[in-house]
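Because the structure is predicted, anything quoted here is derived from the model rather than measured.
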Amino acid sequence: MRNTSQRREQILQILVKNGSVQVADLVAQLGVSSVTIRADLATLESQGLATRNHGGAVLTRTPPAEQDIQAKDGLNALLKEDIGACASRLVQPGDNIILDSGSTTMPLARHLRDARGVTVMTNGLNIAWELSRAEGVELMLTGGLLRKQALSIQGAQAEACLNAYNFDKLFLGVDGLDLQFGLTTHHEAEASLNHRMVERAKKVIVLADASKFGRVSLHRIALLDKVHTVITDAGISAEYRDGLQRLGIELIIAGAP
């Protein structure tokens, strides 16, 4: 299943780069049968990402462009603040949590400054700085390479840091959440690290304002069957409200009475 997922992600990357693909070219490049490639293209078409034509497919939905952390901080800031406040109420004394880097998880970090008896591992420099003076928080940083655009630490060393630990909860921000394609982000190393975070946490909690729903970025983090809870705002569509609940995912609307 994972090989299938990786292959379809690779096909999507080729589509984004070239605008179209040919079955014969993909067969030669990926080393699988034409029947398999056609099934892959049918799946991407069902997700609204591609439109099949004679001999191949063309890109239908282009993943959105990435913005740096400063620009992201200013987008939907009030909604993210509500989401962060709501998420902080899920953190209990004694919890060991992962707090992913990002503009949606940053408000959560601010609301944890007064927490007591909580251990936080993060790959976000901005989040680490925010929690550096929180006396009740034991702060751990992953090693690795700094990605300056996102103020996040990534790479093999960052992933290796997670292997020695088990965490109660992961609070994860994403660039896209799609009912079929799952959780996605713009950067390959970030997706790989986030996937490892998902593997090391007992409970996966996604923080995403409603603008992220229906968006697909280039690199998949995980399918939605790995997600336990989604915290969002009241702008979530009926389609996504119903879709998440059908999948058995707890849905929390920040700011709701």
Side-chain angles (χ1 to χ4, degrees), residues 69 72 80 83-132 134 136-147 150-177 182-208 212 219-232 249-250 252 254:
I69 191 66
K72 285 183 177 181
K80 291 175 182 177
I83 291 169
C86 185
S88 70
R89 294 193 283 273
L90 300 183
V91 180
Q92 304 297 323
D95 274 350
N96 302 309
I97 70 173
I98 309 174
L99 192 48
D100 177 41
S101 65
S103 63
T104 310
T105 50
M106 183 63 177
L108 170 55
R110 286 196 291 269
H111 284 279
L112 292 179
R113 286 181 297 196
D114 296 325
R116 291 290 180 267
V118 174
T119 298
V120 176
M121 176 173 273
T122 186
N123 66 317
L125 285 190
N126 55 343
I127 289 171
W129 175 254
E130 187 66 38
L131 292 174
S132 62
V137 174
E138 188 76 20
L139 182 62
M140 306 167 66
L141 278 75
T142 65
L145 298 172
L146 175 64
R147 185 165 175 254
L151 291 180
S152 62
I153 303 171
Q154 301 171 349
Q157 188 176 355
E159 294 183 32
C161 285
L162 296 169
N163 290 338
Y165 302 98
N166 292 302
F167 296 90
D168 298 305
K169 296 161 188 170
L170 162 64
F171 292 90
L172 179 66
V174 297
D175 291 313
L177 188 158
L183 309 176
T184 57
T185 189
H186 290 285
H187 196 263
E188 183 176 10
E190 182 177 331
S192 181
L193 178 60
N194 288 162
H195 182 81
R196 185 63 58 88
M197 291 176 175
V198 169
E199 292 179 331
R200 304 310 301 172
K202 297 174 185 175
K203 186 173 184 179
V204 176
I205 303 166
V206 174
L207 312 184
K212 303 294 179 63
H219 299 281
R220 176 187 280 140
I221 298 167
L223 294 171
L224 293 183
D225 61 359
K226 301 295 185 182
V227 176
H228 300 87
T229 301
V230 170
I231 305 177
T232 188
I249 296 171
E250 178 188 24
I252 300 175

Applying side chain to side chain contact (heavy atoms under 4.5 Å, CB included) to Val230 and Ile252, what does each step give before you reach the verdict?
CA-CA 6 Å; Val230 170; Ile252 300 175; over 6 Å; no
Is it true that atom CG of Leu146 has more than 12 heavy atoms of other residues, nucleotides or ligands lying nearer than 6.0 Å?
yes
Do [X] and [Y] come close enough that some side-chain heavy atom pair is under 4.5 Å?
X	Y	value
Leu125	Ile127	no
Leu162	Leu193	yes
Lys203	Phe167	no
Leu170	Val198	yes
Thr229	Val206	no

Residue pairs fulfilling salt bridge (charged side-chain N to carboxylate O under 4.0 Å, His left out) with at least one residue in residues 153-174, sequence neighbours excluded:
Asp95-Lys169, Glu159-Arg196, Asp168-Lys202
Any salt bridge (charged side-chain N to carboxylate O under 4.0 Å, His left out) involving residues 106-125? Give me the pairs, sequence neighbours left out, ordered by first then second residue.
Glu81-Arg110, Arg113-Glu130
Roughly how far apart are [X] [atom1] and [Y] [atom2], rounded to 0.5 Å?
X	Y	atom1	atom2	value
Met121	Ile98	CE	CD1	7.5 Å
Thr142	Ile153	OG1	CD1	4.5 Å
Leu177	Leu183	CG	CG	5.0 Å
Thr105	Leu207	OG1	CG	7.0 Å
Met197	Leu172	CE	CG	7.5 Å
Met106	Leu108	CE	CG	10.5 Å

Is it the case that the side chain of [X] and the backbone of [Y] share a donor-acceptor pair, with hydrogens and angles ignored and the cut-off at 3.5 Å?
X	Y	answer
His228	Ile205	no
His195	Ile221	yes
Asn123	Ser101	yes
Ser192	Ala189	no
Thr104	Ala208	no

Sorted by chain and number, sequence neighbours left out, salt bridge (Lys or Arg N to Asp or Glu O under 4.0 Å) with Lys226 holds for none
Holding to side chain to side chain donor-acceptor pair (under 3.5 Å), I want the full list of residues that pass it with Asp225, two or more places apart in sequence or in another chain.
none
With Asn194, which residues qualify under side chain to side chain donor-acceptor pair (under 3.5 Å), at least two apart?
Asp100
Distance-minimising heavy-atom pair for Ala191 and His219:
CB-CB, 3.7 Å
Below 3.5 Å, can you tabulate the donor-acceptor pairs from side chains in residues 84-92 to any protein atom, sequence neighbours excluded?
| unit_1 | atom_1 | unit_2 | atom_2 | d |
| --- | --- | --- | --- | --- |
| Ser88 | OG | Ala85 | O | 2.6 |
| Gln92 | NE2 | Arg89 | O | 3.3 |

Between the side chains of Glu138 and Thr119, is a donor N or O closer than 3.5 angstrom to an acceptor N or O?
no
Between Asp175 and Thr185, is there a side-chain donor-acceptor contact under 3.5 Å, judged purely by atom types and distance?
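Side-chain D/A pair, Thr185 to Asp175: present.
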Test side chain to side chain contact (heavy atoms under 4.5 Å, CB included) on Ile97 and Phe171; report intermediate values, then the result.
CA-CA 8 Å; Ile97 70 173; Phe171 292 90; 4.1 Å; yes
Can you check side chain to side chain contact (heavy atoms under 4.5 Å, CB included) on Val120 and Leu131, steps first, answer last?
CA-CA 9 Å; Val120 176; Leu131 292 174; 3.9 Å; yes
